[in-house]
Each structure stands twice: as C-alpha cells, then as structure tokens.
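This structure is a prediction, so every number in the text was calculated from the model and none was measured.
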Amino acid sequence: MLCLDHDLVAELLPMEQAIATLRSTMRHHTLGSATQPLRTVLRPAGVGAAMAAMPCHSAAEGQRGFAVKTVLHVPGNIARGRPAVTGVLLLFAEDSGECVALLDAACVTAIRTAAVSAVATDALAGPDAGDLALLGSGTQARSHLRAMAAVRKLRSVRVWSRSGQSAETFRQWALEEMGVEVEVSADVAGALDGADLVCTVTSAKEPFVEQGRLAPGAHLNAVGSSFADHRELRGAAVRDMSVFVDSRGSAWAEAGDLRMARDEGLIDEGHVVAELGEVLTGKHPGRQGPDERTLFKSVGLAVQDLAAGFAAVDAAVTSGKGTEVVMS
C-alpha cells in the first residue's frame with residue numbers, strides 16, 4: 001500500500017492536472033460510470049464534530065477501482081491552529097480488492113473541490129469574467145484562488161471573512177505564494193460589488209449572500225455549508241440564479257442552500273437547470289445570456305475523490321515517491 005501525506009498529495013496533484021482530471025470525471029459521472037450512494041454523515045449530539053463516509057466505484061477508463069473517503073469536520077480545530085477537516089482516502093484495486101493507497105483526505109478534498117469549481121467556472125462563467133470575490137479565507141479560499149486563476153485571467157481579487165485577521169493572513173499568503181494582490185473587504189457587499197466571479201467557501205450556518213447583491217452576469221460557486229441545515233445564500237438569491245449542480249440527488253439531499261429555498265416556497269426541484277456533466281457533454285448549453293447569473297452548487301462527490309486520488313497515485317508511481325507499507 002502506497003501512503004501519500006498532505007504535502008506529497010499537493011505536490012503530485014497540481015491544480016492544472018486536477019482540473020483536467022475532474023473535467024473528465026464529471027463527464028463520466030453524467031454518462032453513468034460511477035456507482036456511489038449518498039454520503040453517510042454521523043453527527044453525535046454534544047460532540048461538536050461530524051464524520052462523513054463516502055464510498056464509490058468508478059468504471060471510467062483510467063479511473064477504474066473502488067474508493068472510500070472518511071473525513072471529520074471539527075470546527076473547534078481552527079482555534080487550536082489545526083485543520084478543521086481531517087481524514088483519509090483509501091483506494092482499492094478493482095480486480096484483486098487490494099488496498100493500493102492511503103492518502104491525506106483533507107488535501108485531496110481541498111484540491112478536488114476547487115478543481116471542480118474551476119471546471120464549472122470555465123463552463124458557465126462569462127469568457128471575460130475576471131473580478132473575483134472570495135467569501136471566506138481558509139483552506140478552500142486558497143485552493144479556489146489557484147483554481148480560478150487557472151481558468152480565467154484575474155483582474156482583481158477581493159476577500160471577506162468574519163475574521164479580519166484570517167483575511168489579512170490570506171492576503172499575505174496570496175501575495176507571497178502566488179504574487180496576487182488581494183484587497184480585504186470590510187463586508188460582504190463590498191466584496192461582491194462588481195464581482196463577476198464569486199466563490200463562497202465558508203462553514204456558515206446562516207446565509208450572508210443577499211438577493212440583488214450579485215452583479216449581472218456573475219457566476220457563483222457555492223462550496224461551503226455542505227450540510228442540509230447550513231446555507232450561505234438567501235433563498236431569494238438562489239431563486240434569481242440559474243442553478244447547476246454536481247449531482248441532483250446529492251444536491252437535494254445535502255445542499256441547505258437549495259433545500260431551504262425550496263422549503264420557503266421560492267424554488268422547486270425543477271429550478272436546477274442541469275448537472276455540470278450535462279453541460280460538459282453538450283446535453284445542456286449552460287449559460288444562455290451575458291446578464292444571466294449562474295450558480296454552481298457543489299456538495300462534493302466520492303467519485304471526485306476517487307479520480308483525484310488515482311491521479312495522485314499514478315504520479316507517485318511514475319516519480320517513485322510515497323511510502324510503501326506492507327499489509328499482511
């Protein structure tokens with residue numbers, strides 16, 4: 001079994017490669033190559049942490065095999081200076097059932113989530129979109145800045161966070177690591193003003209994106225708040241956008257942004273225009289006008305982890321990197 005830690009996964013799965021891999025994965029998903037149940041989420045009362053398990057099988061060429069990702073979301077870790085998401089991704093050979101690799105799941109999640117947002121942005125955002133607003137300043141903000149820069153030429157970047165110190169840390173990181181100048185916004189409205197690319201990457205439970213705040217023609221990737229009782233967007237804001245998802249079944253089961261807007265009577269399930277893979281395969285045209293506001297609601301799929309994991313393992317084998325562990 002090959003073991004890949006956080007830093008090695010990041011090295012072996014650069015964003016451009018991840019985007020190419022996940023673009024193929026989302027096409028295959030729509031064509032029916034993946035078998036995956038809805039994720040199982042365990043949220044024990046009084047514990048303050050949640051565990052999610054995501055098994056999957058893929059029959060796609062170059063991505064055949066089984067995988068299971070188990071992660072814990074521990075919000076209290078942020079105050080301890082530790083990652084809020086921890087876990088492992090296990091990959092299994094289809095023919096022998098052998099466990100071929102164990103990977104750091106937090107790094108895989110950060111990369112594959114942002115890569116899918118990049119695929120959606122490339123497919124749905126206006127071709128000249130380049131004024132980016134990041135709402136949230138943690139791990140996913142960093143990976144999404146890399147991802148957005150890979151598919152669009154960024155003219156400006158603004159970040160908003162409930163923590164001013166976190167936003168400032170992100171600003172410094174972006175300048176030092178990517179050479180990107182980021183403006184810290186005092187409020188959500190200031191960050192959204194004129195932005196035609198938006199990524200919401202928070203763990204918020206209550207919505208903070210209001211109706212009418214998004215610029216005409218804006219594209220929004222809603223990534224955070226991936227529990228059914230959490231949301232980042234007001235129901236009226238969702239109603240006013242053309243909604244695309246990674247999976248209809250997963251979105252309506254898990255996406256509080258959509259479920260709560262539906263429960264408020266503002267949308268119904270027909271409000272989801274298409275899955276991302278349907279756009280990529282030409283079954284849906286995607287954006288249909290320059291002023292259309294588009295929303296990609298991401299909840300994350302096990303097949304995305306599987307594909308990203310096997311891509312990292314292939315790179316590790318080619319480069320001779322990783323730690324081999326014998327399981328008897």
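- Here the closest heavy-atom approach between residue Ala49 and residue Pro44 is recorded as O-CD, 3.8 Å.
- When all heavy atoms of Gly48 and Pro75 are compared, the pair lying nearest together is O-CD, 3.4 Å.
- No side-chain heavy atom of Thr202 sits under 4.5 Å from any side-chain heavy atom of Thr200.
- No side-chain heavy atom of Val238 sits less than 4.5 Å from a side-chain heavy atom of Leu266.
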request  = Apply side-chain contact (heavy atoms from CB on, under 4.5 Å) to Val223 and Ser117, showing your working.
outcome  = CA-CA 8 Å; Val223 174; Ser117 291; 3.5 Å; yes

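- The shortest non-hydrogen separation linking Gly65 to Leu306 is O-CD1, 3.4 Å.
- In this structure, Phe244 and His284 have perpendicular ring planes: the angle between them is above 60°, well past the 30° mark.
- Hydrophobic cluster membership is shared by Leu258 and Phe208, with clusters built from Ile, Leu, Val, Met, Phe, Trp and Tyr side chains linked at under 4.5 angstrom.
- Counting only distance, with no hydrogens or angles, the side chain of Gln36 and the backbone of Ala302 share a donor-acceptor pair below 3.5 Å.
- Using a 4.0 Å cut-off between charged side-chain N and carboxylate O, Arg248 and Glu278 make a salt bridge.
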task = Check step by step if side-chain contact (heavy atoms from CB on, under 4.5 Å) holds for Met54 and Asp305.
result = CA-CA 9 Å; Met54 303 167 63; Asp305 298 301; 3.7 Å; yes

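- In this structure, the side chains of Glu275 and Lys283 stay at 4.5 Å or more apart for every pair of heavy atoms.
- Rounding to the nearest 0.5 Å gives a distance of 11.5 Å between CG of Leu124 and CG of Leu220.
- A donor-acceptor contact shorter than 3.5 Å links the side chain of Asp257 to the backbone of Glu232.
- Summarising the local packing, CD of Glu181 is surrounded by 12 or fewer heavy atoms from other residues, nucleotides or ligands at distances under 6.0 Å.
- For the atom pair CZ (Arg239) and CG (Asp268), the distance works out to 13.0 Å, reported to the nearest 0.5 Å.
- Distance check, rounded to the nearest 0.5 Å: OG1 of Thr86 to CG of Asp104 gives 9.0 Å.
- Both Val182 and Leu197 belong to a common hydrophobic cluster when Ile, Leu, Val, Met, Phe, Trp and Tyr are linked at side-chain heavy-atom distances under 4.5 angstrom.
- With hydrophobic clusters built from ILVMFWY side chains whose heavy atoms lie under 4.5 angstrom apart, Val198 does not share a cluster with Val157.
- Here the side chains of Phe296 and Val116 are in contact, with some heavy-atom distance below 4.5 Å.
- With hydrogens and angles disregarded, a donor-acceptor distance shorter than 3.5 Å links the side chain of Ser58 to the backbone of Gln63.
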key: Derivation of the side-chain contact (heavy atoms from CB on, under 4.5 Å) call for Leu132 and Cys199   = CA-CA 8 Å; Leu132 172 64; Cys199 299; 4.2 Å; yes

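- Looking only at distances, a side-chain donor or acceptor of Ser33 sits under 3.5 Å from a matching main-chain atom of His28.
- Residue Cys107 holds its SG atom at 9.5 Å from CG of Leu12, rounded to the nearest 0.5 Å.
- At a threshold of 4.0 Å, the pair Arg155-Asp196 counts as salt-bridged, since one of the basic side-chain nitrogens sits closer than that to a carboxylate oxygen.
- Note that OG1 of Thr40 and CE of Met51 are 11.5 Å apart. Values are rounded to the nearest 0.5 Å.
- No path of Ile, Leu, Val, Met, Phe, Trp and Tyr side chains, each step under 4.5 Å between heavy atoms, connects Met1 with Val100, placing them in separate hydrophobic clusters.
- Listed for the Asp246 side chain is no donor-acceptor partner under 3.5 Å among the backbone atoms of Leu276.
- Under a 3.5 Å cut-off, the side chain of Arg287 and the backbone N or O of Glu292 do form a donor-acceptor pair.
- Here the side chains of Gln304 and Arg112 are in contact, with some heavy-atom distance below 4.5 Å.
- Under the 4.5 Å side-chain criterion, counting only non-hydrogen atoms from C-beta, Arg293 is not in contact with Asp240.
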key: Check against side-chain contact (heavy atoms from CB on, under 4.5 Å), Lys69 and Thr109   = CA-CA 10 Å; Lys69 185 178 80 170; Thr109 301; 2.8 Å; yes

query = Taking it one step at a time, do Asn221 and Ser298 satisfy side chain to side chain donor-acceptor pair (under 3.5 Å)?
reply = CA-CA 7 Å; Asn221 299 300; Ser298 169; over 6 Å; no

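- Between Leu4 and the options Thr323, Val108, Val313, a side chain to side chain contact (heavy atoms under 4.5 Å, CB included) holds for only Val313.
- Checking each of Arg142, Arg146, Gln140 against His144 for a side chain to side chain donor-acceptor pair (under 3.5 Å) leaves exactly one that passes, namely Gln140.
- Residue Val119 forms a side chain to side chain contact (heavy atoms under 4.5 Å, CB included) with just one option from Val279, Ile19, Thr21, and that option is Ile19.
- A pairwise comparison of heavy atoms in Ala195 and Ala218 identifies O-CB, 3.7 Å as the closest pair.
- Here the side chain of Arg39 pairs no donor or acceptor atom with the backbone of Glu254 at under 3.5 angstrom.
- In summary, the side chains of His57 and Glu94 do present a donor paired with an acceptor at a separation below 3.5 Å, with no hydrogens or angles considered.
- Hydrophobic clustering (side-chain heavy atoms under 4.5 Å, transitive across Ile, Leu, Val, Met, Phe, Trp, Tyr) groups Leu135 together with Val243.
- The backbone N or O of Ala59 sits less than 3.5 Å from a side-chain atom of Arg64, completing a donor-acceptor pair.
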inquiry  = Please evaluate residues Ser156 and Glu183 with respect to the criterion side chain to side chain donor-acceptor pair (under 3.5 Å), reporting the C-alpha separation (whole Å), side-chain torsions for both, the decisive distance (0.1 Å), and the verdict.
reply    = CA-CA 8 Å; Ser156 67; Glu183 176 187 346; over 6 Å; no

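- Looking at Asp122 and Arg152, a side-chain N of the basic residue comes within less than 4.0 Å of a carboxylate O on the acidic one, giving a salt bridge.
- Here the side chains of Leu233 and Leu295 are in contact, with some heavy-atom distance below 4.5 Å.
- Atom CD of Glu269 sits in a crowded spot, with more than 12 heavy atoms from other residues, nucleotides or ligands closer than 6.0 Å.
- Residue-environment remark: CZ (Arg259) exceeds the threshold of 12 foreign heavy atoms within 6.0 Å.
- Here the closest heavy-atom approach between residue Leu38 and residue Ala253 is recorded as CD1-CB, 3.7 Å.
- Looking at Asn77, its side chain never comes within 3.5 Å of a backbone N or O of Arg80 through a donor-acceptor pair.
- In this structure, the separation between OG1 on Thr281 and CE on Met26 is 10.5 Å, given to the nearest 0.5 Å.
- Under a 3.5 Å cut-off, the side chain of Arg171 and the backbone N or O of Val184 do not form any donor-acceptor pair.
- For the pair Leu91 and Gly309, the tightest heavy-atom approach, listed with the atom from each and the gap, is CD1-C, 3.5 Å.
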